[in-house]
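Everything below concerns the one structure shown next.
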Amino acid sequence: MCLSQQTISLISALLFMSVSLSYGKLSCKRGHSGPTYESMQAVFDLQPFRPAVNLSNPTITNISFTLYAVLGVNEKTQILTTFLWLRLYWHNEFLIWDLEECDGVTRISLPVRQLWSPDIIVYEFVDDDVSQACPYVYVNHTGHIRWDRMLRLVSACNLEIFSFPFDVQNCTFTFGSYMHTIRDVRVSPALTFEEMSGNSKRYLEASGEWELVDILGETSILQFGIDEWDIITFWVVIKRRPVLYVVNLLIPSSFLMLIDILSFYLPPHSVDRASFKMTLILGYTVFLLIMNDLLPSTANGTPIIGIYFSVCLALMVISLLETVIITNVLHHNSMKYQAVPQWVRVVVLKHIANLICYRRQEDGRPPSKTAKVKNESLDGAGSFTQPSSQTPVQHNADVSMIPVPGAAAPPELQQICQYLSDLRAHLSSLQKESELQDQWCHVGYVLDFLLFRIYLLLISCYALVIISMWCIWISQT
């Protein structure tokens, strides 16, 4: 009972003090600049109450901010971290004094904890504010209060990374009262949205890879059930600087793809092109593993640059398969001593060769090794039989060695004839193998030329599609 009486008496005293302050102003003493401590202490005692003589009139709060820094963007958790200079204005009807009585003092600073302050928050806030607090506010002689504070804002943002690293992000900052409805607190911008955007672009520091594009906003009313809150919605549009990712990701990948294209100019019959391409694929895989930390990761989707790298790796594998096919045509079929089928001659050597404008250079080609060996062997055989007709004396001396019809040939002559027949058969097989290899090489070169053109066409179309998608995304945003 005693506690209830004390509470009633305290409330009555506070109401009486508020009524008395409403009809008067802060008192000042002669020789004392500004309001007296006693009069301000009476206002400090009213700190829990909204500073309005008529509580049916809402307290108007003006809000403005300057975006000072973009500290980080976490695509995986969809969080934007920024640093703001926040400025709040509101009117305290109890903090009014006369300039003439107070020696012309127009503004004083007071501790913010001793005064009522609007509970303005950012609705997208997802973490504690660890920025340095500003404990004081400026109070004008008309009762208008200005509170400048620093705010490290960790807010939720729907980040679109499809066009990474040429992406543009649009994040929302919604300012409003946490508890007071529209009947108690109204909010409005202290500056125009163009002025806030210009100030932020002027003072933006430590932005790193992000650049401020614009700050837009509008005032609206948030309705939840039967209650309504006054809010201000700001849209902060930031753009990523892509130079770092172009230099570290796109240019090295383009160089590796260029080397893969140039590897088609290696002769497939004399150089192990497949080993070169496998080494190139291994190097590209290591490159992707090293650069994986630079790529954003999110469950919402895959950035187009990730698709670009995957398709580049797939194209390298296709290039390796093409080399395997050409190697099989050049070596496997020719080693089986199989002639080129007639349908292959018609389709590949005639129609496909004419389609891709392939011309075989045969004029002035040096004779093959087999032909040289055969000519030399035949010349040697001729020189072996020539002396028998050039020296009559020796001919007469060896005439007894000529076999007589019906008589058995000497064993030495039979052995020589056997050697000559074996040599002729070996030279014939070498010539046949050389001709088969030459025919299959012609088929392999035509197919290699065709697949190389198809590979170039695929890469060109793919590059045009990727560039077009990036340009369309940037123009839309």
Side-chain angles (χ1 to χ4, degrees), residues 161-166 242 245-292 294-295 301-332 344 347-360 440-475:
I161 61 171
F162 177 74
S163 61
F164 174 88
F166 305 100
Y245 301 97
V246 170
V247 173
N248 292 330
L249 293 178
L250 295 181
I251 293 181
S253 177
S254 301
F255 282 160
L256 291 175
M257 289 299 299
L258 180 62
I259 294 175
D260 183 64
I261 294 174
L262 295 178
S263 65
F264 279 92
Y265 289 97
L266 295 175
H269 66 282
S270 61
V271 179
D272 193 359
R273 189 195 290 178
S275 299
F276 179 80
K277 288 183 177 291
M278 291 177 65
T279 305
L280 195 62
I281 292 176
L282 179 61
Y284 194 80
T285 305
V286 174
F287 163 75
L288 293 181
L289 291 176
I290 295 174
M291 294 295 129
N292 189 36
L294 292 177
L295 295 177
T302 303
I304 191 173
I305 193 172
I307 302 174
Y308 167 77
F309 289 144
S310 300
V311 175
C312 287
L313 185 61
L315 289 175
M316 287 186 175
V317 175
I318 293 174
S319 173
L320 177 61
L321 294 178
E322 183 269 343
T323 302
V324 172
I325 294 173
I326 298 301
T327 304
N328 179 72
V329 171
L330 293 178
H331 297 280
H332 184 69
V344 176
V347 175
V348 178
L349 300 182
K350 183 178 179 181
H351 297 291
I352 296 180
N354 294 332
L355 180 64
I356 63 178
C357 301
Y358 179 81
R359 296 292 181 268
R360 187 179 182 184
W440 283 111
C441 281
H442 189 197
V443 174
Y445 286 156
V446 173
L447 292 178
D448 185 62
F449 203 76
L450 172 65
L451 294 177
F452 178 52
R453 293 294 184 272
I454 296 176
Y455 187 69
L456 284 179
L457 181 62
L458 288 176
I459 291 181
S460 301
C461 295
Y462 174 62
L464 290 176
V465 169
I466 291 293
I467 294 174
S468 301
M469 292 178 67
W470 263 323
C471 293
I472 292 173
W473 182 269
I474 292 174
S475 62

- Item | Atom pair CG (Leu321) and CE (Met316), whose distance is rounded to the nearest 0.5 Å | 14.0 Å
- Non-neighbouring partners of Tyr245 that pass ring-ring contact (aromatic ring centres under 6.0 Å, His included), sequence neighbours left out: Phe164
- Task: Apply ring-ring contact (aromatic ring centres under 6.0 Å, His included) to Phe255 and list each qualifying residue two or more places apart in sequence or on a separate chain.
- Result: none
- Message: If you define the side chain from C-beta out and look only at heavy atoms, does anything of Glu322 sit under 4.5 Å from Ile454?
- Response: no
- Separation of Leu258 CG from Ser254 OG (nearest 0.5 Å): 8.5 Å
- Task: Heavy atoms only: give me the nearest Met257-Ile459 pair and the separation to one decimal.
- Result: CE-CD1, 3.8 Å
- Query: Quick one: salt bridge (charged side-chain N to carboxylate O under 4.0 Å, His left out) pairs with a partner in residues 275-284, sequence neighbours left out?
  - Reply: Asp260-Lys277
- Task: Supply the atom-to-atom distance Ile304 CD1 to Phe166 CZ, rounded to the nearest 0.5 angstrom.
- Result: 10.0 Å
Could you pull out every donor-acceptor pair under 3.5 Å between side chains of residues 279-291 and any protein atom, sequence neighbours left out?
| unit_1 | atom_1 | unit_2 | atom_2 | d |
| --- | --- | --- | --- | --- |
| Thr279 | OG1 | Ser275 | O | 2.9 |
| Tyr284 | OH | Ser253 | OG | 2.9 |
| Thr285 | OG1 | Ile281 | O | 2.9 |

- Message: Just to verify, what does Phe309 make a ring-ring contact (aromatic ring centres under 6.0 Å, His included) with, not counting sequence neighbours?
- Response: none
- Message: Test of understanding: with side-chain contact (heavy atoms from CB on, under 4.5 Å), list the residues that count as partners of Leu456, not counting sequence neighbours.
- Response: Ile261, Phe452
- Query: Less than 4.5 Å apart, any side-chain heavy atom of Ile305 and any of Pro165?
  - Reply: yes
- Note on the structure: Looking only at heavy atoms, the pair that brings Val246 and Pro252 closest together is O-CD, 4.4 Å
- Query: With sequence neighbours left out, what residues match Tyr462 under ring-ring contact (aromatic ring centres under 6.0 Å, His included)?
  - Reply: Tyr308
